[in-house]
Every structure is written in structure tokens, then in C-alpha cells.
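Note that the coordinates shown come from a computational prediction; the quantities given were computed from them, not determined experimentally.
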Amino acid sequence: MDSHGLIHGTQTDQAEHPFLDSPKRSKSRKRFTNPVHYMLRSQRLIFLFVGISISALFFNRFPISRPPPSHHHQIIDPGFQSHSSHLTRRRVLYETRQEEKLFGRINAGGKVPLGLKRKSLRILVTGGAGFVGSHLVDRLMERGDNVIVVDNFFTGRKDNLMHHFGNHRFELIRHDVVEPILLEVDQIYHLACPASPVHYKFNPVKTIISFPHLHYFLSPMRGYFEVLNCDLRRLHKTNVVGTLNMLGLAKRVGARFLLTSTSEVYGDPLQHPQAESYWGNVNPIGVRSCYDEGKRTAETLTMDYHRGLGIEVRIARIFNTYGPRMCIDDGRVVSNFVAQALRKEPLTVYGDGKQTRSFQYVSDLVEGLIRLMEGESVGPFNLGNPGEFTMLELAQVVQEVIDPNAKIEFRPNTEDDPHKRKPDITKAKRLLGWEPTVSLRKGLPHMVSDFRQRIFGNQKEGGGTTTSSLYSA
């Protein structure tokens, strides 16, 4: 083949196979695909730096921030079924994480290092519109915390909290704790439960216990529960299911939980005074058992969550407490005597009047609850005033403060009324550094002033006095 034919053949092959590179084109392509040469050609490196700079300025000027967690409560499936443990944990706060890195978790029990401002906590108070709860809210608000109150207003009153309305650190939610609720909090004070005989005996089944699935087993007893004014569709009860819900909330958000139990767990005690190690003498089928056994069960659940799941818990056993904002006709002896004396009615004493009780002013109790929450001991702790009075002695003190001419009327004693009640507070003194400071004669005038204003300033508060005795906590 002549040279012309070879040239023609080569051109033909290249035309038919355009991807067959010539040596010159291969060399050019090699140089073209070299990344260093590629970046340096046509000032590409300069444009790359310009793009990075623009992006950095944009994201610095308009940062992408996560929206704050919503504090609207969410209802979850009752019964604490298995899927609830997989709920996404929403309690992730930048501020909290940074403080944990710098000086550990400054929680309820931690001491704030000298020179550092105390971190404001988000605190949930169930039953916060009630007598004790509202005074606790006052103290927490006073020290600068953010407080959420959950109350169904069965015994609580909005009037007790009206002075906090409009404060950005205060929230009030009308909600029954027998239904689950999800909130972002650091501490939970669980006070929600009817505590007076009139209230807890009005609906004893609701006071103590039932789980959702019991509806199916108790349906043949529908008529009985209707007599007790119980709706079987809401057979979730305060002491047990309410406590379960609050313990579940504490588990999900990592909050510290405080249960306000009662001296009623000791029943009609055979040991006097009563120490926390005493197991009690309770009638499990008596008229008071709905409250007594309900609180004992709540203590059991609290300790089971602590031992089994590592939840931080505290247990307070509250003895008789008095002060402003008590319900006027709730059947408790101090409120009974004060209301009767102000209305010029005889002071009703049940039995021979030799039963003894110990009475602490509400400010002392609130101080004890806060110290317990912020301390390092689980408890239980007796919180009460060891000063012991018979019912006749209490009636005489009320006469001295209100009306020396008030008469005393004796009536038959009530069922399961404890004969003696006095706390041993040695443990609280030693571990909490707490003891009551307000005597009965010093605290009672404040309660009388509050009752006088409510009875005579608002006639709707003053109906007839109750005939229920029960000097309960």
C-alpha cells in the first residue's frame, strides 16, 4: 500500500473511531485531567475561595437554629405500654449542656459554685392551686424559678394563684393527672390528691386506684360505681395512676420527683411518736383506707421506680398542716374549729377530745419540701411539728384567738380515727437541717385573718359547717 493509502486509511479509522486519541491528544488530555493543573488554570482557585467565603458569611449572618421545644402537653397512650419507652427525648437544651460541661449538672441537689448565679429551673407542681401547693408555688416563684402548675381544680382554687397571672415565668394548665402529660421540666413536686376527709370520702374509688384495663373486669359493677359518682371510662385514679403518670414523666425527661405522702400511712399507730422506720397500723378496709392505702401504694411505686429505673425520687410524709388558703369546710379539725368560732357556732369535738395531733404552719412545711427536693436523701422524711395537742387543747387555743365565749360540743367519735399522732423528726433534723419554727399560737392568727376575710367578705365561701370530723393530715 502506498503512502497515500496509509494516510487515507489512518484518517478513515479516526473518522470511524473518534475516541481513538492520537499521541498528541492523549498528552493534552493527561495534562487537562491533572487536578493541580486544573485548579490553577483560569483562576479557578480564586473563585473557590470566594465561594467558601460567601457561604461562611451567609451562615454566620443567618444561622440555622432549632425551634425551642413546645411546652404544649401531649397526650400519650395510657398504661405505659412498651412503645412509650421509645418516645424521642426532647429535652435537649444548649444552655444545659454547656453548664454540665463547665461545672457538672447544677440540679436540685447540687450546690452552685461561689460567684456563679443559680440556674433557673423549670418546676412542675401538680395540685399547685391547692392549699399547700399554692404556698409552694409562691416560694419557687420568689426565688426565680419557672413554674408550671397542673391542677383539675377539684379542691384547688384559681384565686390562690391569681397574683402570678401575667408573670412570664408562670404557667397554669387545667389538667387531671390521671391522664398522661408531657412537659419539659427539671423537678416535679407531686401534690395532686384530695387530702381532706370530705373530699377523699366523696369519691373513694377515684382517690385510690384503678388501671385502664380494670374497666373490663369491673363492668358488671357499673351500677355500684354510678352510685359512687364514678365514670367507668375514667377509672384512672389519683393516688396510683396519677403517681404512675408523674413517675413516667420524670423518667422520660430526667426530672427529680418528690412525692408528698402523709402521716396517714401510719394509721392508728402503736408506736409513739412515729419514726419513718415504723410500718404503721392501717385498717385496709376502713372508711379511710382509700386515702391511707392509696398513699402507701404511691410510696411503693415511687421506690420501685427509684430502685428499678434509677429515677431520682424524694418522699415526704406530711403531718397535720394549717394556714391561710385552707378549704373552709373540708372536715379538718383546725379549719373546722376556726370556721365554727368565726360563725359563732359551737366547736365540734368528736369523742372525748383526748385524741392528739401535731400541727405545723404551712411555711414550715414548704421549707421542708424544698430542702428535701434539693437534698441528697431519698427519704421518707416526716415533715411535721412535734408539738402535741389534744383536741380539747386545740379548741381552747382557738377560743383564746377568736372567741373566749365559744362553746364546745361533743359528738360520737368517727370510725378509724387515730388516737395519737406525733412525728419523730430526728431524721429530718439530721439530714435536711430542718425543723419547724412557727408555733400554733403564732401561726393561727394568720389563718384566722384569712378565714375571716373569706367567710364574711365572700358569703359563697361560708356554707354550713361540715359534720365530718377526722383530724387527718
Side-chain angles (χ1 to χ4, degrees), residues 130-132 134 154-157 159-160 194-203 264 287-288 291 319-362 385 387-421 438-473:
F131 161 47
V132 175
S134 61
F154 177 57
T155 60
R157 301 165 57 242
D159 290 346
N160 293 338
S196 72
V198 169
H199 294 136
Y200 67 64
K201 292 173 72 175
F202 169 76
N203 195 338
E264 296 295 331
V287 294
R288 305 165 66 97
Y291 184 65
F319 283 68
N320 292 64
T321 306
Y322 69 96
R325 303 178 190 168
M326 287 187 76
C327 293
I328 291 178
D329 294 316
D330 66 357
R332 288 186 267 200
V333 62
V334 181
S335 55
N336 268 5
F337 282 178
V338 170
Q340 289 169 341
L342 288 172
R343 293 167 176 157
K344 305 298 182 182
E345 299 173 355
L347 308 185
T348 304
V349 174
Y350 292 84
D352 57 8
K354 295 181 180 179
Q355 311 96 310
T356 66
R357 297 293 183 272
S358 301
F359 304 100
Q360 70 176 333
Y361 192 64
V362 64
N385 193 320
E388 190 175 12
F389 293 82
T390 67
M391 296 303 97
L392 281 176
E393 289 172 341
L394 175 63
Q396 291 167 1
V397 173
V398 172
Q399 286 176 324
E400 294 173 10
V401 174
I402 301 176
D403 182 6
N405 298 319
K407 297 180 179 181
I408 296 177
E409 181 180 289
F410 290 88
R411 294 187 183 180
N413 202 1
T414 55
E415 184 179 351
D416 293 334
D417 192 23
H419 292 87
K420 291 186 177 183
R421 188 67 60 74
V438 181
S439 67
L440 179 62
R441 284 178 170 82
K442 182 179 178 181
L444 193 60
H446 297 286
M447 176 179 174
V448 171
S449 176
D450 172 69
F451 268 43
R452 179 177 283 114
Q453 191 279 328
R454 286 196 283 151
I455 290 175
F456 301 112
N458 185 355
Q459 293 299 323
K460 290 189 295 184
E461 287 285 351
T465 57
T466 178
T467 59
S468 175
S469 76
L470 304 184
Y471 312 117
S472 66

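- Heavy-atom minimum distance, Cys327 versus Ser335: O-CB, 3.7 Å.
- In this structure the side chain of Phe456 reaches within 4.5 angstrom of the side chain of Leu342, judged on heavy atoms.
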Walk me through whether Phe389 and Leu440 qualify under side-chain contact (heavy atoms from CB on, under 4.5 Å). CA-CA 10 Å; Phe389 293 82; Leu440 179 62; 3.8 Å; yes
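- Met326 is listed as a side-chain neighbour of Arg332, based on a closest heavy-atom distance under 4.5 Å.
- Not counting sequence neighbours, the partners of Asp450 by the salt bridge (Lys or Arg N to Asp or Glu O under 4.0 Å) test are Arg454.
- Judged by distance alone, the side chains of Glu409 and Thr348 never bring a donor and an acceptor atom under 3.5 Å apart.
- Taking 4.5 Å as the limit, every side-chain heavy atom of Val333 sits out of range of all side-chain heavy atoms of Val349.
- Every side chain to side chain contact (heavy atoms under 4.5 Å, CB included) that His419 has, sequence neighbours left out, goes to Asp268.
- Side-chain N or O atoms of Thr321 include one that pairs as donor or acceptor with a backbone N or O of Phe319 at under 3.5 Å.
- One finds the CG atom of Asn320 at 6.5 Å from the CZ atom of Arg357 (value rounded to the nearest 0.5 Å).
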Pair Arg343, Ile455 - check side-chain contact (heavy atoms from CB on, under 4.5 Å), show working. CA-CA 9 Å; Arg343 293 167 176 157; Ile455 290 175; 4.2 Å; yes
Pair Arg421, Glu264 - check side-chain contact (heavy atoms from CB on, under 4.5 Å), show working. CA-CA 9 Å; Arg421 188 67 60 74; Glu264 296 295 331; 3.3 Å; yes
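- What you find for Val362 and Gly323 is that their closest heavy atoms are CG1-CA, 4.4 Å.
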Please tabulate, one pair per line, all N/O donor-acceptor pairs under 3.5 Å involving side-chain atoms of residues 391-405, not counting sequence neighbours.
unit_1: Glu393; atom_1: OE1; unit_2: Thr390; atom_2: N; d: 2.9
unit_1: Gln399; atom_1: NE2; unit_2: Ala406; atom_2: O; d: 2.4
unit_1: Asp403; atom_1: OD1; unit_2: Asn405; atom_2: N; d: 3.0

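- The closest side-chain heavy-atom distance from Phe451 to Ile328 is below 4.5 Å.
- Contact check for Met447 versus Val338: side-chain heavy atoms found under the 4.5 Å cut-off.
- Scanning for ring pair (Phe, Tyr, Trp, His ring centres under 6.0 Å) contacts around Tyr322 gives Tyr361, with sequence neighbours left out.
- In terms of modelled atom types and a separation under 3.5 Å, the side chain of Glu345 and the main chain of Phe337 share no donor-acceptor contact.
- Within the 4.5 Å cutoff, the side chain of Asn385 has no heavy atoms near those of the Phe359 side chain.
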Can you list the steps and then say if Asn413 with Gln355 is a side-chain contact (heavy atoms from CB on, under 4.5 Å)? CA-CA 10 Å; Asn413 202 1; Gln355 311 96 310; 3.6 Å; yes
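- Under the side chain to side chain donor-acceptor pair (under 3.5 Å) criterion, Ser358 pairs with no residue, sequence neighbours left out.
- With Ser449 contributing its side chain and His446 its backbone, the two residues share no donor-acceptor pair below 3.5 Å.
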